[in-house]
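All of these numbers come straight from a predicted model, not from anything done at the bench.
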Amino acid sequence: MGREAETTDLRYLKSLSNQYPTVAAAATEIVNLQAILSLPKGTEHFITDIHGEYDQFQHIIKNGSGAIRRKIEQEFGNEISAGEKKAVAALIYYPEQRMEQVLKSEDNVEDWYKVTLYRLIRVCKSASSKYTRSKVRKALPKDFAYVIEELLTGRPDVSDQEAYYNEIINSVIHTGRAGELVVAFANLIRRLVVDHLHVVGDIFDRGPYPNLVMDTLMNHHSVDIQWGNHDVYWMGAAAGSQACICNVLRISAKYGNLNLLEDGYGINLVPLARLAMSRYEKDACLCFKLDYREDEYDVRDAMLDEKMHKAITVIQFKLEGQLIRRHPEFDMDSRLLLDKIDVEKGTVLVEGKEYQIKDVNFPTIDWADPYALSPEEADVMERLTQAFLNCEKLQRHVRFLFTKGSLYKVHNGNLLYHGCVPLNEDGSFTSVNVYGKEYAGKALYDVLENYARKGYYAIDPEEKRKGQDILWFIWENQNSPVFGKAKMTTFERYFVADKSTHEEPKNPYYHLLEEEEVVNHILTEFGLDGTEGHIINGHIPVEAKRGESPVKCNGKLLIIDGGFSRAYFTKTGIAGYTLIYNSYGLLLAAHEPFESVEKAVREGSDIVSHTTLVEHTVRRKTVADTDIGRELSLSIRELEALLRAYRDGELVEKIDADWRTTRL
């Protein structure tokens with residue numbers, strides 16, 4: 001066995017020698033990688049529960065949750081005024097808009113460009129100092145790669161280079177490209193200040209522009225996504241799950257966002273509108289009033305949208321009922337409520353108790369078979385399904401979610417997920433039946449994610465159908481890790497006045513968060529050290545105005561959903577939390593609502609953020625402390641083995657080969 005392993009190792013080293021064919025090549029790469037390990041770790045930015053709030057999201061991405069302001073402060077200190085530092089920050093956030101405003105009133109444009117470029121060069125040098133020249137070079141914009149590299153590496157303080165350095169800037173100004181260079185520097189600074197972005201779920205729903213958020217994420221240089229419950233059923237809709245399609249339409253209607261589907265994604269809603277007007281023409285739809293934003297919604301659409309809202313809601317309850325009946329293992333029979341309605345009495349039986357129902361007009365329900373779609377409804381759903389399946393933009397966004405996303409992620413000692421790890425009251429992992437087998441803890445996440453991917457990608461019709469049903473299960477089942485509640489009381493919220501029926505008890509996870517033994521058990525389950533790891537969590541808004549803290553279990557668990565969505569502002573008292581993890585530790589930022597891009601450009605106003613130091617490292621973290629660092633350390637050991645093989649005569653150098661060293 002030892003000889004077999006030895007043969008395998010030598011075969012691998014022979015393969016590695018094709019990339020590093022000489023002693024010099026292997027040794028050079030060892031030096032390169034060893035040096036990289038000593039660099040400070042890149043800054044990670046965590047954001048969650050965006051819910052379509054594009055302007056606020058965009059600004060927080062641009063300012064790195066205050067990281068750029070801190071970088072400007074570190075670089076300039078008291079050299080320039082607070083107003084000038086604010087102006088530099090606004091220029092980095094919105095370079096085109098800010099320049100357009102400044103240049104209208106600036107008397108000496110050439111001087112402004114010179115001063116501005118020198119300041120941007122300084123900030124950029126500071127931001128790039130933690131990276132190798134090779135990595136910075138790869139981040140440079142193609143049109144200005146040479147110019148920016150010379151400006152970043154040049155020494156204007158050295159007499160032999162001063163004229164050369166200044167002439168580069170003068171020439172850029174005189175050739176009319178200074179404005180483009182300012183934009184290039186601003187983009188590069190933002191790219192370098194934040195090395196990687198984590199989105200911990202819920203990009204979609206409530207806010208009006210999740211499509212623009214997705215466009216931004218797809219253009220981001222380095223991002224991962226942990227699926228939230230509001231993302232998963234959009235993924236299910238794109239996969240063709242009719243129950244998920246109904247949820248997308250219902251919630252879009254509820255928040256006055258149907259134009260997102262029509263204008264943002266080009267999905268034809270005329271078939272649904274026709275059904276709504278034909279079957280609910282004289283229905284006031286009082287239970288289906290919209291929760292729209294007055295400044296972003298045309299109230300002339302309200303009457304039709306309310307009827308569409310009711311039409312798709314009824315279809316949803318029918319299709320979900322079919323799905324629940326098809327899967328008794330989902331244990332959701334208590335959610336079968338259409339067959340519990342007594343139209344003559346005007347009541348519904350919810351969990352064995354009778355309640356008055358607020359609306360008894362159900363013209364499409366056959367009470368002999370209440371979960372069957374009417375012919376009209378079936379036709380509408382077939383048309384909508386094809387529209388979702390053939391929507392190129394939606395499919396592109398959802399493929400990105402599958403490619404860059406997952407139900408959880410373990411990264412650099414942190415465990416990231418959107419909702420919760422389903423727990424029993426004693427803190428043990430809940431065992432969940434998934435298609436006849438029991439799963440708990442990490443295994444539950446893994447099997448659900450596997451089926452979710454099948455729901456989108458599988459060729460086999462049966463496997464695809466099972467996967468689509470799991471995408472809906474992840475959205476609202478009591479044992480779903482991203483839902484985390486005993487039930488979703490959608491029916492009761494529409495039709496039952498008694499608010500006690502609206503309650504959605506949370507999973508025991510949420511009252512066990514301060515139990516260190518429980519949190520350590522979760523970290524260990526996902527392969528992390530309970531003494532050093534952290535859980536970074538979204539999904540449940542933290543009510544800061546009531547004094548609730550996002551920092552749980554002595555800093556081991558951080559819930560960073562502070563109400564990014566405008567719909568949550570009154571409940572939370574703030575406009576979201578974000579987290580920065582740099583080489584010095586963890587910084588938690590609580591944000592006040594963002595006013596507007598126009599005001600940020602015009603006045604240099606920023607989101608007011610209150611930053612709290614969650615954890616400070618005694619020793620500054622380096623690349624060696626990261627997941628990439630561990631991979632590089634393994635590469636170094638392999639290269640050292642290759643070097644020994646050359647020197648022991650087991651392998652022969654390829655002296656004449658054309659080789660290049662690889663660098664990050």
Surrounding [atom1] of [X] (heavy atoms of other residues, nucleotides or ligands, distance under 6.0 Å), is the total greater than 12?
X	atom1	result
Met303	CE	no
Arg325	CZ	yes
Lys340	NZ	yes

Measure from NZ or CZ of Lys62 to the centre of the six-membered ring of Phe57 and say whether it is under 6.0 Å with the direction within 45° of the ring axis. no
Applying the side-chain hydrogen bond (donor to acceptor under 3.5 Å, both in side chains) test to Asp446, which of Tyr408, Tyr451, Tyr439 qualifies? Tyr408
What orientation do His230 and Trp475 show, parallel under 30°, tilted 30 to 60°, or perpendicular over 60°? perpendicular
Is the distance between the ring centroids of [X] and [Y] under 6.0 Å?
X	Y	value
Phe473	His327	no
His309	Tyr494	yes
His51	Phe204	no

When you measure from the side chain of Asn257 to the backbone of Arg206, do you find a donor-acceptor pair of N or O atoms at a distance under 3.5 Å? yes
Side-chain ion pair, Arg326 and Asp469, N-O less than 4.0 Å: yes
Taking all heavy atoms of Val398 and all of Trp234, pick out the closest pair and write down the distance.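 Reported closest heavy-atom pair: CG2-O, 4.1 Å.
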Minimum heavy-atom separation for Ile203 and Leu401, please, with both atom names.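 Looking at all heavy atoms of both residues, the closest pair is CD1-CD2, 3.9 Å.
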